[in-house]
J.: 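Pasting a structure here, questions to come.
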Amino acid sequence: MDITLVQESPFRFRMERQGPMRVPGVVFATQDLLPQAAGDKALEQVANVATLPGIVRASFAMPDVHWGYGFPIGGVAATDIDAGGVVSPGGVGFDISCGVRLLAADVDRGPLAPRMRRLMDILGDTVPRGMGRGGLWKLSGRAQMEKLLVAGAGYAVEQGHGVPRDLERCEDRGALAGADPSHVGQRAVERGLNQVGSLGSGNHFLEVQAVDRVYDDAVAAAFGLHAGQVCVMIHCGSRGLGHQVCTDHVRVMDQSLRGFGIDLPDRQLACAPVVSTPGRAYLGAMAAAANYGRANRQLLTEAVRHAFTTAAGAVVELVYDVSHNTAKTETHDVDGVPRRLCVHRKGATLALPPGHPDLPADLAGTGHPVLVPGTMGTASYVMVGAAGNDAFASAAHGAGRVWSRHQALHRVRGEQLRAELESQGISVRPSSWRGLAEEAPAAYKDVDEVARATEGAGLARLVARLVPLGVVKG
DNA sequence: ATGTCC
């Protein structure tokens, strides 16, 4: 297909429907943010997604869009469940329920400074990270795992890992509905037993940050944030369990495609009707893995609280926890008619507008928090859902890669990067030099530009900018 | 993203 984008407005580009595309493509970006490298396949993936059975409105891409497995990362696609719409594991990603949790401390960066070294030492010693290596909580076996897979962060809190108030500030109150552990295979369960409360690797991290700037005082106050305040941002997912769930169900769907008569431009878009045996099985397993990811972030919160209490006598509260790799059943108006949709958000954050019934009561008038992690040398953003978002209430989830991991390794040395960050006053506790180099700030788009485009496109509004003080790197 | 190949 010949991919041509037409600029519709300053932050919105349109890809006309052609060939097997059932809907157009829509990319929210500035010219500078569009994938431009020769051979970049992200926009081709936006077009491929537009061919999926049952897709409605458009195949959307957020400002941080980049190439991924089947779907682009930063892609949003909704299918009509009652009109043969499909669910695709590639539209969620291998790291099911990968997401971000933001915590706010009752201390500002100035007073914390003398305690920062000790705080980072404790976090560095107590936050499990890297490949394998275990987690904070070892589950006893499948029976206990199934409770966690159904109740997510709620099960962790019930078992003493956190306080009930935490759940008030979790998307879906900490548990995605519809989890069916019977569709989570034994290998997935075994991989997950010893990884609850672990960061993993790749782009996952735990950062101590400070609120650098507030754009909306009222919303920031509703979120419990003010300028100068110390925060902690946790970015991680469902580890080996989520990966195994994706692998297992992609295989099943790949084999069932012919039976459903589904023709795809890319085998990585393997999918099945939501209303089908493999479709329901995947969604049940996906929700279970999503809940594992949420419990994972709940356990890591406990390590943060311990470190802040010990190093600084400070109290840490949950601002919000969002997943940015999910497929959720939601009702949206399509052409003026309410439809039950399967909304895939792969590297995209739920961004409900003020007044939406699914918001926590104390944020009902504010809107859904949108957490946009940047890079360890730049900044991260807190945004809030806005009215008029036609991408099914979705927004960006991060900066978005521009260099492949291979390119980053070729151009950056981990030891040198750490020295540069330390000289900027950013404390770094890596798990490997290679992993650090792959995540160099230069490997990413400009997160300030991504946040500006996200607001300009009407997807979400700016609330606060956070800057890193210390990085515990997965 | 991932016991970076069962």
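Quick caveat, the model's predicted, so the values are computed rather than measured. Chain identifiers are assigned alphabetically (A, B, ...) following the order of the sequence lines, protein sequences preceding nucleic acid strands; residue numbering begins at 1 within each chain.
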J.: Residues two or more places apart in sequence or in another chain: which of them pass side chain to side chain contact (heavy atoms under 4.5 Å, CB included) with Glu422(A)?
T.: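 Counting only residues at least two positions away or on another chain, Glu422(A) forms a side chain to side chain contact (heavy atoms under 4.5 Å, CB included) with Arg418(A), Ser427(A), Val428(A).
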J.: What residues form a side chain to side chain contact (heavy atoms under 4.5 Å, CB included) with Ala175(A), not counting sequence neighbours?
T.: Asn291(A)
J.: List in chain and number order the residues that pass ring pair (Phe, Tyr, Trp, His ring centres under 6.0 Å) with Trp137(A), two or more places apart in sequence or in another chain; answer none if no residue qualifies.
T.: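 Trp137(A) satisfies ring pair (Phe, Tyr, Trp, His ring centres under 6.0 Å) with Tyr155(A), His161(A) only.
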J.: With sequence neighbours left out, what residues match His66(A) under ring pair (Phe, Tyr, Trp, His ring centres under 6.0 Å)?
T.: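 Result, ring pair (Phe, Tyr, Trp, His ring centres under 6.0 Å) vs His66(A): none returned.
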J.: In whole angstrom, what separates Arg187(A)'s CZ from dC5(B)'s P?
T.: 14 Å
J.: In whole Å, I'd like the distance from the CZ atom of Phe94(A) to the P atom of dC5(B).
T.: 11 Å
J.: Under the rule for ring pair (Phe, Tyr, Trp, His ring centres under 6.0 Å), what residues qualify as partners of Phe11(A), not counting sequence neighbours?
T.: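 Partners of Phe11(A) by the ring pair (Phe, Tyr, Trp, His ring centres under 6.0 Å) criterion come out as none, since no residue qualifies.
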J.: Among residues at least two apart in sequence or on other chains, which ones pass ring pair (Phe, Tyr, Trp, His ring centres under 6.0 Å) with Phe260(A)?
T.: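 Not a single residue meets the ring pair (Phe, Tyr, Trp, His ring centres under 6.0 Å) criterion with Phe260(A).
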J.: Under 4.5 Å between any side-chain heavy atoms of Pro369(A) and Leu363(A), yes or no?
T.: yes
J.: CG of Asp248(A) versus P of dT2(B): gap in Å, rounded?
T.: 16 Å
J.: Kindly state which residues belonging to residues 236-244 of chain A come within less than 4.0 angstrom of DNA chain B, counting heavy atoms of the residue only, listed by number.
T.: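 Within this stretch, Arg239(A), Gly240(A), His243(A) sit under 4.0 Å of the strand.
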J.: Quick check on contacts: within residues 372-382 of chain A, what sits under 4.0 Å from DNA chain B by heavy-atom distance?
T.: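 Those residues whose heavy atoms fall under 4.0 Å from DNA chain B, taken from residues 372-382 of chain A, amount to none.
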J.: Strictly by ring-ring contact (aromatic ring centres under 6.0 Å, His included), give each pair with a member in residues 430-463 of chain A just once, sequence neighbours left out.
T.: none
